[in-house]
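Taking it in order: structure first as structure tokens, then the write-up.
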Amino acid sequence: MIPLEHIVVLSVFLLSVGIYGVLTQRNAIRFLISIELILNAANINLIAFNKYLSTPDGLGQVFALLVVGVAAAASVVGLVLIIAIYRLKKSVFTDDFNLLKW
Amino acid sequence: MPNLLTIIIFFPLLGGLLISLIPRRNESIIRLTAVLFNVMTLGVVGVLCTLFDRTSSAVQFLESVPWIPDIGINYIVGVDGISLGLVFLTALLGLLAALATTSITKSVKEYFILYQILMTGMLGTFLALDLVLFYIFWETVLIPMFFLIGIWGGQRREYAAWKFFFYTLAGSFVMLLAIIAIYFLVTPHTFNMLEITSLAPHLNNNFQCVLFLMFFLSFAVKIPVFPFHTWLPDAHVEAPTPVSVILAGVLLKMGAYGLLRICVPYFPYALDYFAFSLGVLGAVNLIYGACAAFVQTDFKKMIAYSSVSHMGFVLLGVAAMNSTGLNGSLLEMFNHGIITGGMFLLVGVLYDRAHTREMTAFGGLSSTMPRYAFFLTIMALASFGLPGLSGFVGEFLSIAGIYFTFPWLAALSSIGLIMVVALFLTIIRKVLWGRPQSAVHWPDMGFDEMILLCPLVLITLGVGFYPEIILQFQRQAINLLVRMS
Amino acid sequence: MNSSISFIVPEIILCTGATALLIAGAIGSRRRLLNIIAVMTVAISFFSMFAVPGNIHSVFSGMLINDAFSYVLRVFVLVVAMLSVLMSIGYTWPQEEDAGEYYFFILLATVSMMFAVSAGNMIMIYLSIEALSIISYILACYFKKDVLSTEAGVKYFLFGTLSTGLMLYGISLVYGLTGTLDLEKILIQLKVLEGYAPVLGLAAILIFAGFAFKASIVPFHVWVADVYNGAPWPVAAFFSIGPKAVGFALLIKVFFGYSLFLSSIWTGIAVILAVATMFVGNLSAFHQDNVKRLLAFSSVAQAGYIFAGLAMGLSGLKAAFFYIIIYTFMNMGAFACVSYLASDLSDIKALRGISRTSPAGAFILSVFLLSLAGLPPLAGFWAKFFILCSIIDARHYFLAGILVFNSCVAFFYYLKIVRTMYFDEPLSTVVSRKTSYSTLIVLASCCLMVIEAGIFPRILLDFLGLLFH
Amino acid sequence: MVKYVYLIPIFPFLAFWLNILLGKQLGRLSAWIAIGASLLSTILTFGIFFGMVTANVHNYTCSLGSWISINGQTLSLGILVDNLTLMMLSVVTVVGTLIQIYSVGYMSTDIRFTRYFAYISLFMASMLALVLVDDLLMLYIFWEGVGLCSCLLIAFWHEKPAAAAAGVKAFITTRIGDTGLLIGILILLASGHSLRFTDLGAVQGSEVLMTVAALLIFLGAMGKSAQFPLHVWLPDAMEGPTAISALIHAATMVAAGVYLVARSYVFFIDHPLALHTIAVIGAISAVMAASIACTANDIKRILAYSTISQLGLMMLALGVGGYVAGTFHLMTHAFFKALLFLGAGSVIHAVHTQDIHQMGGLLHRMKVTGITFIIGALALAGVGPLSGFWSKDEIFIALWQSGHPVLFAVAVLTSFLTAFYMARVIFVAFLGISRRQQQIHESPLVMTIPLIILAFFAVFLGFLGAPWCINGAFQHFISPAMHEVIHMNWGMVILSSILSLTAITLAYLIFVKGFRLPSSGEQYFVCFYKLIENKYYIDEIHEKIFIKPFHQLCSLFKKFDCMYIDGVIHAVATVTAVMASYIRRWQTGRIENYLFYQICGIFILLMVISGKLCRIF
């Protein structure tokens, strides 16, 4: 069996990639993808912990499923918003969203 | 009347509420209502004075209602010899200032609403005996004052209003911290000022000193004590006449009153420790105020700085820590209220005619406005402490008090005595003497203006001739204060 | 199960009403009807709170908890919803939008807030926060054609998803450490987890960041000004009180009730963040000429005060609670009043000389602003006073000093608005405002609350005393 | 009768209020109200005077009620009537009444006629009360009162800038002395002593402190009596109406300083250092002022310096123990100096100039004025047997007996100079040829009658104290404890007669015959003359040492207020504002920055929690 540590390292790696993406990407779509990576890192954690815990009751897996659903909803809303702003600004680059400041 | 003090405090507010119901176009009715309410307030205060037992040092007419029992905040009001004179002063100047509002023509309704709130705040400050209540009334004064200066003031009214507001606000916030700190330091925890009087002196010395300084800072801004005084000339100058009267006559006394009510009885060790510094500040105030006033070109500013100077006597009296000094201090507060109130009224009279306050615009009024000259001369003489007028008694007692404690300070302050004379004689010389500056002759004071000054002049003369009129009310309370500190 | 259902009756009513509104809006009902339905739904839900059984501790196998804390907060959330709905009715919408949809989102946001405050499980917390966030994104860009509104939505979305995503990661770590997501069980497990402190700390901070984002604690506050600025007035008002209260409620619940942080470190962190929040909020508001942004930053600063109270243990908790309630009314009142007086403009110039044209409005707005500033005897003073009491009681004199300094700064910008209304000459154009009853109700109730709680704070305190006895 | 003594100041006081409040309505009647009031006071004074003398009562005290209590002592308004009081009362009421009558004529054309009489009534009231009260604090109160009246009356013609400035200067300068007096009173109070004059002899306490107290009290007297270096106000005070100069600045108020020293003499006696100081200050003032008077050209200023000089002589006498001499000279001086001033006033009234060189030959045009003036001048010069002669003699004797040769020499020199400058005035202004074309008329009767009455006193008052006449009645009266018989000191009589005659002769040679010094001495003399003509530059020194630094201090404080205190306040505001605008820029509007903040925040919190930062807190 793969040790828990490996999976946790994977999840941390995914988290790091997600955060890196969030901090560096200017494209809103790429940003969305990075967020998904973070969510999935958490999901991996949840499932793995559920598996390796002494009393597996399926809680983590259920939660992961819920997260997938919620993340989908969030992505939808996000995409809608990005489309809405693309209509107005003809851009999906976050640098251009700077009317509101100071 | 069991709730006499509550009536006194909230009666003006009631007037304000009533005024807010009057349509704004009925200006004369608004004015009349305001005056009427102030007359009645003064009447009730008069009743209070007659019912007051002057042989007792205790707090009288005590009312105590639990307010926020969780942390022991109560609505406690009471009057003793220290506050009685100031309450009377507030009610009297309140009435006079409400009468002296002919120059207020803009938004009369708002003016009087704010004015009535201000009255409540001031009366409450003098009568409250719970620290939180005291603080609330103290702060209540702030906003009406900000508006009264900021809306109805002179050229630089906004600057003055902001400056006044922030100076005082910063000070009062420090006081708030001190109030809360003292609550947690005394056991049992209480905000009751009378209970703290017996509890606070047992605090350890460091706490006493720190708390003393915090309270003092707040009061120092209000008094004002050098170097926290620069709001005063601006605020006084820019405020309209009646507001200047209240500012100088009553507001400054709030700080000094706090000193007597809180700093002196609560922190005997700290008072002892800081007495000399306090005295030095008093002397500095006295000299600095007089000097700074001397070179001003604005009549009102001169009077304003002279207030700084006069408050030096109050500080000196407190620093003396003996009954002579404290009596002098308290009496000087009362006298200063009367005299400077009158002075500002007189400046207002001139401003209404000349529309300027530059000293160079005046001169020779002694010949063209003899009645004005009469009043101004008496007020100026009283200001510099001519014996036989009220100013002298307070100043003499303060100086005597400080002499008994710190002789050298008395010697230093006596330089101030000379400077004050120079200041007021210069005012007389520039305003009343000389050839009339302007070709236009201003009409002499009318009946309406004289009626405002007459009570002040009478009190000035009365107290000067027979100071017992005031002293008899305060003596017992001061004695108690001396015993405590 | 029966009791579980009866427990969530108010939420069910809200959901039903929301669905009805959505349908009614879609079939083109008149706005008036939608308004009535929305108000009625919230009102019925409010009254149904009285029917919630009090004898059960938890429902849905511990997902929701029924204690005094959550009960009070649910009622409170409903009050917030009512105020928001009323304000929305009175608000002059610049664009003809689908009101049914709007109320639908508001009511759903209310439902998710109610779930959040009564949550007993991390899953529930995550779900309700995420739901609240998603609805908020949509509400923020409610004016789809408006660049500002859309930008606000996008920014909110980008910021919010990252926050909730990280929070989720934190929750997953907690799950890994304790093997459970039930808050009470976590509490038991935590006691044996000394060795895992660093990981637990990471988890706690990620979760904390998620809540702090809602409560707008620095540095998780950056979205606040931009989103409030872009969002419509009633939405901004709603954001400034609803989600923020929820954020604080969760902070209290998770970090106090279940002490997810080690308490000794908690105080230090909370003090630093409170100070930072106060300073950043107040100083950013200092030069604002945009009233909406000004109020946004002021709400950040207010969060700082509340948080400072929270840092001070139990007495501070009560003070913070008092503050949140008072804050809700005065902030709501301020938003409603400005939006009413400035006729949807957010520049401070729109308020010039308002005192001449609308003296009562100017007076009421001054009451709210001065209460926010903490002037006695208004309610805001007591709120600050109790916070200060708790701080000084805990001997954090330095923090007390900073709070007081910040109050001074805050006085400046609140008074700046007041002075604009009273000192300046009115604009030449005479604007005619449409005054609706609902606006009046909002203003009057908030104003009364602010003054009443200022003169008799005891009533509210006694009420809170029940909560914390 | 003596129990009505408190009415003496009350009459003028009532007259003051009547005049000040109803001035316009009363018109010229106000003068007669004032005069009536002081006549009543005069009558009452003399009634009491004779009542007490015939009953052989030397002392009367009574208390009119308590005023204030300090340091455990109750200070009450008390009255002390003894022979010194009676003498002062008589002088003040008589001279006061006469001068008021004179003023009716002198001020007849003035527009502020009623106010003049109001002020003068107030002055009379304060002065009489000052004389009557029995303790130092009460004295201080009325002391300030007379000072105020003096100031108001000096500046009576306030349209003249010089008059206004002189009024202010007078009050401030005397106030410096008064402050000393106040501190002196406080020293006595603080050491628990009674402030009553009758108890001052029993004062115990540290010698140094009490000497300081005595010196401070004398400082008050210096201010009032215009003694060096506080004398600068008196010459300027001549800007006031001449009648005022006569009443206040010659006869009564300035004598109050001497009165104060005489009144608390028992106290000074115990502190020899203080007494010596009095003598020295008196001597300096006497000779300095006399020398200045020799060079002055303004008739009133000559008289003013003469007053300073004569007051100096009185102080000198008191300082060496010549109590009787001092008070005697005080009395005689009051009359003849009032006479001289009134005479000068009469002259000025007629010729409208004060420069003696523009006068001349006045004696022929103004017979009454001229003759009375000359009588006064001779009395002042100490020509026997006029009153000044006798009192000056007393002073010489006192000095001689005290055994201070220098002080005696100073007195002799002063006396010589006095005779010289008075002779100068007479020769230049009254004799010789007229230098003016215009018609000069004698003043009206209302002015000349007081002159005549005063001249009568100037001639005969001295006999009260002349040893051969009624056996030194004055000496026994003023100092009832003295019982020895007074003898004529013929040596002194001869000395002073020679002195005055020489001086007059010298003046005659110089101013009538045009006698000049040999040119070799001239050079040296010119320097000296210049020094004197510029009044020893004392005004300039005052200006340099006190007034200019004061003004500089004032400007400094004003600047300090604006620049430093307000500067700090504004700096605090500016720093906040700058910080605010800086922090505001953090809100860049770019979402990537926001996310960066968020991640950073989390990292910082992590660091804190891992124990690296939390130690700080």
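By convention in this document, chain letters (A, B, ...) are assigned in the order of the sequence lines, proteins followed by strands, and residues within each chain are numbered from 1. All heavy atoms count here, side chains included; hydrogens, waters and symmetry mates do not.
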Does a donor on one side chain and an acceptor on the other come within less than 3.5 Å for C:Ser163 and D:Gln598?
yes
Reported CZ-to-CZ distance for the pair D:Arg584 and C:Phe297, which is rounded to 0.5 angstrom:
8.0 Å
With only heavy atoms counted, which part of C:Phe398 is less than 4.5 Å from chain D, the side chain, the backbone, both or neither?
neither
Region of C:Val409 that comes under 4.5 Å of a non-hydrogen atom in chain D:
side chain
Which heavy-atom pair separates D:Gln587 from C:Asp226 by the least distance, and what is that distance?
NE2-OD1, 3.8 Å
Rounded to the nearest 0.5 Å, how far does OH of D:Tyr594 lie from CG of C:Leu158?
11.5 Å
Compare every heavy atom of C:Phe286 with every heavy atom of D:Ala580, then report the nearest pair and how far apart it is.
CB-CB, 3.4 Å
Nearest 0.5 Å, what's the CG-CG distance between D:Leu595 and C:Leu162?
5.5 Å
Would you check, one step at a time, whether the test side chain to side chain contact (heavy atoms under 4.5 Å, CB included) holds for D:Leu605 with C:Leu273?
CA-CA 9 Å; D:Leu605 285 181; C:Leu273 290 183; 4.0 Å; yes
If I take atom CD1 from residue D:Ile602 and atom CG from residue C:Leu206, how far apart are they, to the nearest 0.5 angstrom?
5.5 Å
Surrounding CZ of D:Phe560 (heavy atoms of other residues, nucleotides or ligands, distance under 6.0 Å), is the total greater than 12?
yes
C:Tyr397, OH atom: more than 12 neighbouring heavy atoms under 6.0 Å
yes
Please name the pair of heavy atoms, one in C:Pro219 and one in D:Gly601, separated by the smallest distance, quoted to 0.1 Å.
CG-CA, 3.5 Å
Between C:Phe220 and chain D, which part of the residue has a heavy atom less than 4.5 Å away: side chain, backbone, both or neither?
side chain
Is C:Lys155 reaching over with its side chain to a backbone N or O of D:Arg590, donor-acceptor style, under 3.5 angstrom?
no
Apply side chain to side chain contact (heavy atoms under 4.5 Å, CB included) to C:Val222 and D:Asn593, showing your working.
CA-CA 9 Å; C:Val222 260; D:Asn593 294 121; over 6 Å; no
Tell me, side chain or backbone of C:His221 under 4.5 Å from chain D's heavy atoms, or both, or neither?
side chain
From D:Met579 CE over to C:Ser284 OG, what is the distance, rounded to the nearest 0.5 angstrom?
10.5 Å
